[in-house]
Amino acid sequence: PPWRLLATVNDARRSRLGPPEVGVAAMAFSPTQGLLASAHQDGFVRIWETHPPTLVRTLGTGRSAWRDVVFSPDGKRIAGATENRVFSWDAGEGALIFQRNGIETSRGTQLVIRSIKVTGNLAFSPTGNRLSVCAGNAVLVLDAQTGLLVRHVSNPRKTESFHSLCCLPDGELIVAAEDEQKRRQFLYGWRPLASEWTFRKRLPSLATAIVPNRDGSRLAMRFRNHDVRIVARALLESPKVFAVHDLPVLGRRSVSSLCY
């Protein structure tokens, strides 16, 4: 097929990213260099050369398990998120660009700092100037240079929380949500230029990771039941057709992370 998918499984005998006893929460390929970033549950982000596999650098403090890691489109920055913090580093030197554990919002004439509760993953915009993160029933759109809040995108249904997202090359956000009370899962599309939600689709299970290929025509989706499916973007708004490919190659092992 015209795509390549990398997945890690929760099997210490097959893991080669870091210590065998440490789980991998997320991975990301650099779009411009032969680098792979892996976010680990021991609180560190590890940067690897892929040919041959060599550890280049370790980032983070080791205090909190990571939820996600992602490269900017130009490959010059790496962003990562723990449960309550968002980080950005220089990909070349490893220098910290910003760290955010709160966002500034206005309430009347007062400036209020609210803590960040990360409930999903991160995604850079196609230009690399914006960084989106799942935060409860909203998507926070941050300035990728400073980490300051640019836009607060609320879920139109307050009982649903966002758990994963991706940004397509045309700027559209694809976001997965769950209504925990009704135990229902959905997929949303949101276009920043129009500032509107474009579709809402019922899912068979919660999509805990959504990863697009380079042109955005297909998305790899990992579900809470550990299924992995390849989905055509053109079919997302179809009421019936969903998966293009199911991936049975991993057997009964649970998929912990994946990336194109």
Side-chain angles (χ1 to χ4, degrees), residues 25-26 28 37 39 45 59-60 63-73 77-89 96-108 110-180 185-200 206-212 219:
V45 172
L59 305 173
R63 297 177 182 175
S64 301
W66 292 92
R67 282 187 173 272
D68 195 29
V69 65
V70 62
F71 279 93
S72 62
R77 285 164 292 156
I78 301 171
T82 64
E83 188 176 70
N84 54 16
R85 284 179 171 83
V86 178
F87 296 79
S88 180
W89 298 275
L96 182 66
I97 299 174
F98 70 77
Q99 175 186 167
R100 291 287 173 189
N101 59 0
I103 56 173
E104 297 179 352
T105 59
S106 59
R107 182 181 298 170
Q110 294 183 333
L111 189 64
V112 180
I113 298 180
R114 300 174 56 187
S115 61
I116 296 176
K117 183 180 179 181
V118 179
T119 56
N121 64 307
L122 304 166
F124 275 100
S125 64
T127 58
N129 64 336
R130 297 288 184 263
L131 182 65
S132 298
V133 56
C134 294
N137 68 343
V139 172
L140 304 180
V141 182
L142 309 178
D143 184 294
Q145 294 290 347
T146 64
L148 296 176
L149 181 67
V150 176
R151 181 173 290 179
H152 184 281
V153 184
S154 298
N155 191 316
R157 292 167 173 79
K158 300 301 182 183
T159 59
E160 297 176 6
S161 295
F162 292 128
H163 291 273
S164 62
L165 59 79
C166 73
C167 189
L168 302 185
D170 63 359
E172 181 182 19
L173 285 176
I174 305 297
V175 193
E178 180 177 41
D179 186 326
E180 296 182 359
Q185 298 79 34
F186 301 92
L187 197 68
Y188 285 87
W190 186 73
R191 294 190 182 278
L193 293 180
S195 295
E196 65 180 9
W197 297 101
T198 55
F199 70 87
R200 180 175 183 255
L206 178 64
T208 55
I210 310 171
V211 184
L219 299 90

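The first residue of the sequence shown is numbered 1, and numbering continues consecutively from there.
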Give the ring-plane orientation class for Phe162 versus Tyr188, where under 30° counts as parallel, over 60° as perpendicular and anything between as tilted.
-> perpendicular
Looking only at heavy atoms, the pair that brings Ala177 and Glu160 closest together is CB-OE1, 3.9 Å
Passes side chain to side chain contact (heavy atoms under 4.5 Å, CB included), Thr198 versus Glu172? Steps please.
-> CA-CA 9 Å; Thr198 55; Glu172 181 182 19; 3.4 Å; yes
Atom pair OG (Ser125) and CG (Leu173), whose distance is rounded to the nearest 0.5 Å | 9.0 Å
For Leu122 and Val86 the tightest heavy-atom approach is CD2-CG1, 4.3 Å
Can you name the nearest heavy-atom pair linking Gly189 to Ile174, along with the distance?
-> CA-CD1, 4.3 Å
Using a cut-off of 6.0 Å, state whether more than 12 heavy atoms not belonging to Gln99 lie near its atom CD.
-> yes
Can you find a pair of side-chain heavy atoms, one from His163 and one from Leu206, that are under 4.5 Å apart?
-> yes
Compute whether any side-chain donor of one residue and acceptor of the other, for Ser164 and Asn121, lie under 3.5 angstrom apart.
-> no
CH2 of Trp197 to CZ of Arg191: how many Å apart, nearest 0.5 Å?
-> 12.5 Å
From CA spacing to verdict: side chain to side chain contact (heavy atoms under 4.5 Å, CB included), Val139, Trp190 = CA-CA 10 Å; Val139 172; Trp190 186 73; over 6 Å; no
Shortest non-hydrogen pair, Phe98 vs Gln145, comes out as CD2-O, 3.7 Å
At what distance, to the nearest 0.5 angstrom, does CZ of Arg67 lie from OG1 of Thr208?
-> 11.0 Å
Steps toward side chain to side chain contact (heavy atoms under 4.5 Å, CB included) verdict (Asn84, Asn101) | CA-CA 6 Å; Asn84 54 16; Asn101 59 0; 5.7 Å; no
Between the main-chain N or O of Ser64 and the side-chain N or O of Arg85, is there a donor-acceptor pair closer than 3.5 Å?
-> no
Measuring from Phe71:CZ to Arg77:CZ, what's the distance to the nearest 0.5 Å?
-> 12.0 Å
Could you walk me through whether Arg130 and Asp143 pass side chain to side chain contact (heavy atoms under 4.5 Å, CB included), step by step?
-> CA-CA 5 Å; Arg130 297 288 184 263; Asp143 184 294; 3.8 Å; yes
Look up atom CG in Asp68 and atom OG1 in Thr82, then write down how far apart they are to the nearest 0.5 Å.
-> 11.5 Å
Under 4.5 Å between any side-chain heavy atoms of Val70 and Ile78, yes or no?
-> no
Donor-acceptor side-chain pairing of His152 and Ser154 below 3.5 angstrom = yes
Any Pro156 side-chain heavy atom under 4.5 Å of Arg200 side chain = no
What one should report as the nearest heavy-atom pair of Pro126 and Leu168 is CG-O, 3.3 Å
Donor-acceptor contact below 3.5 Å, side chain Arg100 vs main chain Thr146 | yes
For Pro212 against Cys166, the heavy-atom pair lying closest together | CD-CB, 3.7 Å
State, yes or no, whether a side-chain contact exists between Ile116 and Val118 at a heavy-atom distance under 4.5 Å.
-> yes
What do you reckon, are the aromatic ring centroids of Phe87 and Trp89 less than 6.0 Å apart?
-> yes
Got a second to check how far Phe124's CZ is from Ser132's OG, nearest 0.5 Å?
-> 10.0 Å
